[in-house]
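The block underneath contains the structure these notes are about, expressed in structure tokens.
Computation of the quantities below employed the complete heavy-atom set of this structure, encompassing side-chain atoms and omitting hydrogens, waters and symmetry-equivalent molecules. Values in this document were obtained by computation on a predicted structure and should not be read as measured data.
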Amino acid sequence: MTKSTDITAGQGGVMTDEVGVITGDLTLRTELSGDQAKVSVQYRDADEWYAVTGATATLKDPADLDAVHAIAVGILNRPEG
């Protein structure tokens, strides 16, 4: 199960495990594999995905993926800076 939303990172960007901070227009994806939810980002329309640092969680109910995704979007989407 996967959810994705286009976002604009704020002034401080989004910290990733692989490449550090990325900024600008991004796509945020929250993916559920088994009971593990993982949030990742990519530059909009790029091929490579990067794990958001610290953005993994164990879910008791797969239906909780919607809430986790909404929280991640709410925290990371800062179109006005």
Contacts of Glu18 that satisfy side chain to side chain donor-acceptor pair (under 3.5 Å) - sequence neighbours left out: none
Extract all donor-acceptor atom pairs below 3.5 Å that involve side chains of residues 24-31 and protein atoms in other chains or at least two apart in sequence.
unit_1: Asp25; atom_1: OD1; unit_2: Thr8; atom_2: OG1; d: 3.1
unit_1: Thr27; atom_1: OG1; unit_2: Asp6; atom_2: OD1; d: 2.8
unit_1: Arg29; atom_1: NE; unit_2: Ser40; atom_2: OG; d: 3.4
unit_1: Thr30; atom_1: OG1; unit_2: His69; atom_2: ND1; d: 2.7

Donor-acceptor contacts, no H, no angles, side chain residues 47-54, under 3.5 Å, sequence neighbours left out:
unit_1: Glu48; atom_1: OE1; unit_2: Tyr50; atom_2: OH; d: 2.7
unit_1: Thr53; atom_1: OG1; unit_2: Met15; atom_2: O; d: 3.4
unit_1: Thr53; atom_1: OG1; unit_2: Thr16; atom_2: O; d: 3.4
unit_1: Thr53; atom_1: OG1; unit_2: Asp17; atom_2: N; d: 3.3
unit_1: Thr53; atom_1: OG1; unit_2: Asp17; atom_2: OD1; d: 2.9

Point-to-point distance, once rounded to the nearest 0.5 Å, from CG of Leu65 to NZ of Lys3: 7.5 Å
ILVMFWY network linking Leu76 to Val21, side-chain heavy atoms under 4.5 angstrom: no
Partners passing side-chain contact (heavy atoms from CB on, under 4.5 Å) against Asp64 (at least two apart in sequence or in another chain): Leu59, Asp61
Contact check, side chains of Thr2 and Leu32, non-hydrogen atoms, under 4.5 Å: no
Hydrophobic cluster membership, Val73 vs Val39, 4.5 Å side-chain cutoff: yes
Distance, nearest 0.5 Å, that separates CD1 of Ile7 from CZ of Arg78: 9.5 Å
Set of residues satisfying side-chain contact (heavy atoms from CB on, under 4.5 Å) with respect to Ser33, sequence neighbours excluded: none
